[in-house]
Amino acid sequence: MIGYSEAPMAWGLTRGMARVLGVNLPTAVVDGWLSRAELATLVNRCQACSQQAACTAWLATAATSPCLPVFCPNKRELEVLSLQH
């Protein structure tokens, strides 16, 4: 299992944002189209973000979406991943 026990909130939010776009991050790593280092960068960026409350609220209402909110620091990378796979 791929996860981040040292940053469970950031891992959950990062995974949630990806899921809304149709991207499964653990599968992306296992299948090799996302490296563990790239995933760690996404989680670290999320952990440093000051918008976790806004992110949680957005995820609570968004089942699917073609794009992420502008406040997401991983918006560009996750949206690119969603277009690639």
Side-chain angles (χ1 to χ4, degrees):
M1 166 131 177
I2 296 171
Y4 289 84
S5 58
E6 66 279 1
M9 179 73 162
W11 167 238
L13 294 175
T14 303
R15 191 177 60 199
M17 287 294 202
R19 189 175 348 171
V20 166
L21 295 171
V23 176
N24 182 307
L25 292 175
T27 299
V29 172
V30 169
D31 288 351
W33 50 276
L34 181 68
S35 73
R36 284 185 180 262
E38 291 168 323
L39 180 58
T41 297
L42 295 173
V43 173
N44 290 337
R45 194 178 294 138
C46 179
Q47 188 173 20
C49 180
S50 65
Q51 298 296 316
Q52 289 186 358
C55 181
T56 301
W58 188 83
L59 284 170
T61 62
T64 62
S65 179
C67 61
L68 297 179
V70 295
F71 60 76
C72 180
N74 290 319
K75 175 181 173 59
R76 185 177 65 83
E77 291 83 355
L78 292 175
E79 289 176 357
V80 168
L81 283 174
S82 75
L83 295 174
Q84 293 175 341
H85 297 279

For residues [X] and [Y], determine if any side-chain heavy atom of one lies less than 4.5 Å from a side-chain heavy atom of the other.
X	Y	result
Met17	Leu21	no
Trp58	Ser65	yes
Leu78	Val23	no
Arg15	Val43	no
Gln51	Pro69	no
Trp11	Leu42	no

Sole residue of Asp31, Val29, Val30 in side-chain contact (heavy atoms from CB on, under 4.5 Å) with Trp33: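 With Trp33 as partner, Asp31, Val29, Val30 yield a single side-chain contact (heavy atoms from CB on, under 4.5 Å), made by Asp31.
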
Give me the atom names and distance for the closest heavy-atom approach of [X] to [Y].
X	Y	answer
Ala18	Leu25	CB-CG, 3.6 Å
Val20	Ala62	CG2-O, 3.5 Å
Pro26	Asn24	CD-OD1, 3.0 Å
Leu68	Glu79	N-OE2, 2.6 Å

Thr41 versus Glu38, side-chain donor and acceptor atoms under 3.5 Å: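 Side chains of Glu38 and Thr41: no pair found under 3.5 Å.
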
Nearest-0.5 Å distance, SG of residue Cys49 to CZ of residue Phe71: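 If I round to the nearest 0.5 Å, the distance is 7.5 Å.
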
Run the numbers on Met9 and Thr56 for side chain to side chain contact (heavy atoms under 4.5 Å, CB included), then give the verdict. CA-CA 10 Å; Met9 179 73 162; Thr56 301; 3.7 Å; yes

Test your reading of the model: is there a side-chain donor-acceptor pair from Asn74 to the backbone of Glu77, 3.5 Å cut-off?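 Not a single qualifying donor-acceptor pair exists.
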
